[in-house]
Amino acid sequence: DRKMQHRMAEYYWKTAMAEVANSTKAEDLDIYARSACRLTNLLSVRGEYEAALDVAVPAAQRLEQQHCDSTSDYTNLLVYIGCCKSRFGMSVEEANESYERAYEMHLMNIKKQRTSETYKNAIAGVINIAYNCNETRHYEDALKWTNHYGELISEYEQRNDSNNDYVDKQWARYDIYRAIALEGLGRKEEATEVFGHFQKTHY
């Protein structure tokens, strides 16, 4: 995948999932979850939303049945499911249900382990949600998720091990997403002001 050989990566992820399809071993379920998560992301980036849902929905259901639904891979699947549902023309309510569940899972993971990794996983998830809401022109929802994004950045920023470059990049992205949502809602003066904040970041 990193060598941009996406078709070959797709083949191997599908093969990996098939190899452990009937296993209940923890290590095999981990392989299954990781493969499903990455395959879903690849398909959704490619715009194959129905195919992505065909992978993600049964994968999420299997992980729930096996009580393996507390990992970042499972949570990311929920985010991708919501994004693909909104892109595939399903109801906003269905997409929001997946988003809310994923966000709750991220907050639970942070509560259990307040590490940089759990914060970054949550931030990455909310980035995908906010971006997708802007792209599908659901600007009120985009503003809501961008606000959650800002809350997570603020919490991460207070950590002793926070990375300044990472924080600057996240605030820059926060400003851009917020400006897009405000512009989409016709709140042009606010959008211009927020864009000004973006221009003051190093990013």
Side-chain angles (χ1 to χ4, degrees), residues 37 40-49 52-53 56 72 75-110 114-159 161-203:
C37 186
T40 300
N41 182 50
L42 175 67
L43 293 170
S44 61
V45 167
R46 219 157 59 198
E48 298 178 22
Y49 305 118
L53 287 170
S72 61
T75 309
N76 287 332
L77 276 174
L78 292 180
V79 173
Y80 296 145
I81 287 169
C83 291
C84 288
K85 281 181 175 179
S86 68
R87 299 279 187 153
F88 195 55
M90 295 184 177
S91 71
V92 174
E93 289 75 20
E94 284 186 272
N96 284 337
E97 189 177 323
S98 292
Y99 296 153
E100 292 289 351
R101 175 71 177 139
Y103 184 60
E104 285 173 18
M105 294 293 295
H106 277 306
L107 293 183
M108 280 172 53
N109 287 336
I110 287 172
R114 293 188 180 275
T115 65
S116 287
E117 185 180 359
T118 55
Y119 273 105
K120 286 182 177 181
N121 283 338
I123 286 168
V126 176
I127 283 170
N128 283 328
I129 296 170
Y131 175 82
N132 195 70
C133 289
N134 269 332
E135 285 289 294
T136 53
R137 300 184 179 183
H138 295 120
Y139 298 119
E140 287 284 3
D141 288 329
L143 212 52
K144 167 190 164 181
W145 288 108
T146 302
N147 287 339
H148 285 319
Y149 180 22
E151 290 162 7
L152 289 169
I153 303 167
S154 292
E155 287 185 34
Y156 170 81
E157 191 175 19
Q158 293 170 31
R159 295 180 54 82
D161 61 350
S162 65
N163 180 291
N164 290 335
D165 288 339
Y166 175 82
V167 168
D168 180 76
K169 180 178 180 179
Q170 299 315 317
W171 281 125
R173 199 196 312 257
Y174 165 86
D175 288 332
I176 283 294
Y177 287 5
R178 189 167 166 75
I180 291 169
L182 289 167
E183 177 78 15
L185 291 169
R187 294 159 62 178
K188 297 183 184 297
E189 286 185 14
E190 290 175 81
T192 301
E193 182 181 350
V194 173
F195 183 70
H197 296 161
F198 164 77
Q199 290 180 305
K200 291 175 184 175
T201 64
H202 294 296
Y203 184 73

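Just so it is clear, the structure is predicted and the values come from calculations on it, not from any experiment. Quick note: residue numbers are just sequence positions, from 1.
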### Message
Can you tell me how far apart CD (Glu155) and CG (Leu107) are? Round to the nearest 0.5 Å.
### Response
8.0 Å
### Task
Check whether more than 12 heavy atoms from other residues, nucleotides or ligands sit under 6.0 Å from atom CD of Glu117, and answer yes or no.
no
### Minimal non-hydrogen separation, Ala56 against Leu77, with atom names
CB-CD2, 3.9 Å
### Straight-line distance of Arg87 CZ to Leu53 CG, nearest 0.5 Å
12.5 Å
Sequence neighbours excluded and cut-off under 3.5 Å, please list the side-chain donor-acceptor pairs for residues 171-181, or say none.
| unit_1 | atom_1 | unit_2 | atom_2 | d |
| --- | --- | --- | --- | --- |
| Trp171 | NE1 | Glu157 | OE1 | 3.3 |
| Arg173 | NE | Tyr149 | OH | 3.3 |
| Asp175 | OD2 | Phe198 | N | 3.4 |
| Arg178 | NH1 | Asn147 | OD1 | 3.3 |

#### Entry: Within-4.5 Å side-chain heavy-atom neighbours: Asn121 and Asn109
no
### Message
Would you say that Leu152 contacts Ile110 through its side chain, given a criterion of any heavy-atom pair below 4.5 Å between the two side chains?
### Response
yes
### Query
Taking Tyr156 as the fixed residue, which of Gln170, Lys120, Glu151 is the one that meets the side-chain contact (heavy atoms from CB on, under 4.5 Å) rule?
Lys120
## Note on the structure
OH of Tyr80 to OG1 of Thr40, rounded to nearest 0.5 Å, is 8.0 Å
### Message
Within the structure provided, determine whether Tyr49 and Ser86 are in side-chain contact (heavy-atom separation under 4.5 Å).
### Response
no
### Query
Would a distance-only check, ignoring hydrogens and angles, find a side-chain to backbone donor-acceptor pair under 3.5 Å from Asp168 to Tyr203?
yes
### Query
Between Arg159 and Arg114, is there a donor-acceptor pair closer than 3.5 Å when you use the side chain of the first and the backbone of the second?
yes
### Task
Supply the atom-to-atom distance Asn96 CG to Cys133 SG, rounded to the nearest 0.5 angstrom.
6.5 Å
### Query
When you check the side-chain N and O atoms of Asn132 and Tyr99, is any donor under 3.5 Å from an acceptor?
yes
### Message
Within the supplied structure, the quantity of interest is the number of heavy atoms (other residues, nucleotides, ligands) at a distance under 6.0 Å from Tyr131 OH; does it exceed 12?
### Response
no
### Message
Would you say that Ile81 contacts Arg101 through its side chain, given a criterion of any heavy-atom pair below 4.5 Å between the two side chains?
### Response
no
### Query
What heavy-atom pair brings Ala142 and Ala130 nearest, and what distance separates the two atoms?
CB-O, 4.0 Å
### Message
If the condition is side chain to side chain donor-acceptor pair (under 3.5 Å), which residues does Ser154 pass it with, not counting sequence neighbours?
### Response
none
### Query
Can you check whether Lys188's main-chain N or O pairs, donor with acceptor, with Thr192's side chain at less than 3.5 Å?
yes
### Task
Taking the side chain as every heavy atom from C-beta outward, state whether Glu183 and Phe195 have any atom pair closer than 4.5 Å.
no
### Message
Quick check for you: to the nearest 0.5 Å, what is the distance between Asn76 atom CG and Met105 atom CE?
### Response
11.0 Å
#### Entry: Heavy-atom check, side chain of Tyr103 versus side chain of Leu78, under 4.5 Å
no
### Task
Supply the atom-to-atom distance Lys144 NZ to His138 NE2, rounded to the nearest 0.5 angstrom.
13.0 Å
## Note on the structure
Hits for side chain to side chain donor-acceptor pair (under 3.5 Å) against Arg46, two or more places apart or cross-chain, chain-then-number order -> Glu10, Glu48
